[in-house]
Number of protein chains: 2
Amino acid sequence: MTPQPNPPDPDPAPSARTRNAAATREAILQSALVAFTQHGYNGVGVREIARAAGVTAMLVNRYFGSKEQLFAEVVDVVFSGSTLITDDLPSLGRFAARGLVASEPRSVDGFVLMLRSIADPRATEILRRAIDERQRQLEAMLSGAHAHERAALFLALLLGIRAMQHMLASPTLAGAGEVVTDHLEALFDVLVERR
Amino acid sequence: MTPQPNPPDPDPAPSARTRNAAATREAILQSALVAFTQHGYNGVGVREIARAAGVTAMLVNRYFGSKEQLFAEVVDVVFSGSTLITDDLPSLGRFAARGLVASEPRSVDGFVLMLRSIADPRATEILRRAIDERQRQLEAMLSGAHAHERAALFLALLLGIRAMQHMLASPTLAGAGEVVTDHLEALFDVLVERR
DNA sequence: GTGTCATGTCTACAAGTGTAGACTAGTCAC
DNA sequence: GTGACTAGTCTACACTTGTAGACATGACAC
């Protein structure tokens, strides 16, 4: 006569996926990706991530070792995708400018993830490696004098815009139009065309 | 025979200041200013802030109401000081560029405080008001077309540079020299001189 | 059917959080 | 000296955090 003696479990656990390791791991990763992007490394707990994935908190550590390692894998995944940088040098500035203003708020973006998690030292260490690689990649494209410095400034500009847009929810830059795009392109072009 | 029966108190508590409300309040505020700037709103606890000020955690709430209100007052104080913006329009870009690269890592800066605390929703709400005011002030100076957008982009650039310098500890922009200063000035001038 | 192992859950712990209330003690007026 | 008020402390609570270990359970080979 004890079917569910304890109702304090507000966790429906979809359970559509039963005993599928790969799918479960992927579900946790996706859940973590969204959660970390929205609330930052410190702003979300493993229980919350697990619940959104339909599993228990312990499975997170089982599959990823620790919260920190999970975060590192999330960072890897996010920065594998295209983040506002194209291979075509002449249109680099235009691409970044349009990408910045065109993105809807819901999208997961590497720079937003970065900014939201930048307070925690462990997260920062992981993020530093990711941005370093991004900088090297950009530096190789921006050939010419002071490519190193210009690449760093390019990334700084990307980060700053994202900070104003998502973190501080600037109405000016969040729902931006032609004017902002044009100014942004001008800024990026200073760094791209500089020689 | 019980001079100090309990040595588990690792809190020397300077106590040079005895029963001075104003000085204690100021000490807590300064301690919070440094702590919040270094570790962010979520990265530091009231006990830690209090200990650095030589008092007990409860005094923080006694003087400031709550951690959140303490943070709000810290933000007010920091953004009252000069933060990389001058009243002289022609040298605005030069001033910001030089200020950014000249600052030593130990200094308390409003934009660093902002970036470190940007993850917490309560802190963000407070910071949003601060940056909004800063933007209005800047917008009034940058007269001409699209002053609103140019001001927002100006602040975004400041934030981005600070993010790369302090948070991600970019060696390129942290210990920066003439090259970075020149590029930065060129970027700011795009926003200042644009008409 | 049955054994076996990976997959997933439950309970628990130790640490840390912000804060409330009761308490102690210093300082100033008289 | 002494009373009174304020500056400061102590203990405690309710909560959340990441994680460890023991336990349950589903799926597949034979």
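All values derive from a computational prediction rather than experimental measurement. Residue numbers begin at 1 in each chain, while the letters A, B, ... track the order of the sequences. All values below come from the heavy atoms of this structure, side chains included, with hydrogens, waters and symmetry mates left out.
Distance from the side chain of V46(A) is smallest for dT19(D) among the nucleotides dT19(D), dT19(C), dT9(C). In this structure, of dG18(D), dT7(C), dT9(D), it is dT7(C) that holds the atom nearest to the side chain of Y63(A). In the set dT9(C), dT9(D), dT19(C), dT9(D) carries the atom at the smallest distance from any side-chain atom of V55(B).
Atom pair I28(A):CD1 and dT19(D):P shows a separation of 14 Å (rounding to whole Å applied). A straight line from CG of N42(B) to P of dG16(C) spans 16 Å, rounded to a whole angstrom. We find that CD of Q69(B) is positioned 13 Å from C1' of dG18(C), with the value rounded to whole Å. If you measure from atom NE2 of H39(A) to atom C1' of dT17(D), you get 16 Å, rounded to the nearest angstrom. Whole-Å rounding puts the L59(A) CG to dG26(D) P distance at 15 Å. Rounded to whole angstrom, the span from the CZ atom of F64(A) across to the P atom of dT19(D) amounts to 13 Å. For K67(A) and dT17(D), the NZ to C1' distance is 8 Å, given to the nearest whole Å. Atom CZ in R51(A) sits about 16 Å away from atom C1' in dT9(C), given to the nearest Å.
Both R47(B) and A21(B) sit near DNA chain D, but only A21(B) has its closest nucleotide nearer the 5' end. Residue R62(A) is the one, among R62(A) and M58(A), whose nearest nucleotide of DNA chain C lies closer to the 5' end (criterion: closest heavy atom).
Q135(A) and T172(B) form a side-chain donor-acceptor contact under 3.5 Å, judged by distance and modelled atom types alone.
Other residues, nucleotides and ligands contribute at most 12 non-hydrogen atoms within 6.0 Å of the CG atom of D87(B).
Put simply, S66(B) has no side-chain N or O that comes within less than 4.0 Å of OP1 or OP2 on dG18(C). The phosphate of dT7(C) (OP1 or OP2) has no side-chain N or O of T24(A) nearer than 4.0 angstrom.
No contact: V60(B) has no heavy atom under 4.0 Å from any strand.
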Inset, instruction - Take S103(B) and Q165(B) through the side chain to side chain donor-acceptor pair (under 3.5 Å) test and state the conclusion after the steps. - result: CA-CA 10 Å; S103(B) 64; Q165(B) 282 179 329; 4.8 Å; no
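Under the 30°/60° scheme for interplanar angles, the aromatic rings of F36(B) and F71(B) are found to stand perpendicular.
Considering every non-hydrogen atom in both G93(B) and D189(B), the closest pair reads CA-OD1, 3.9 Å.
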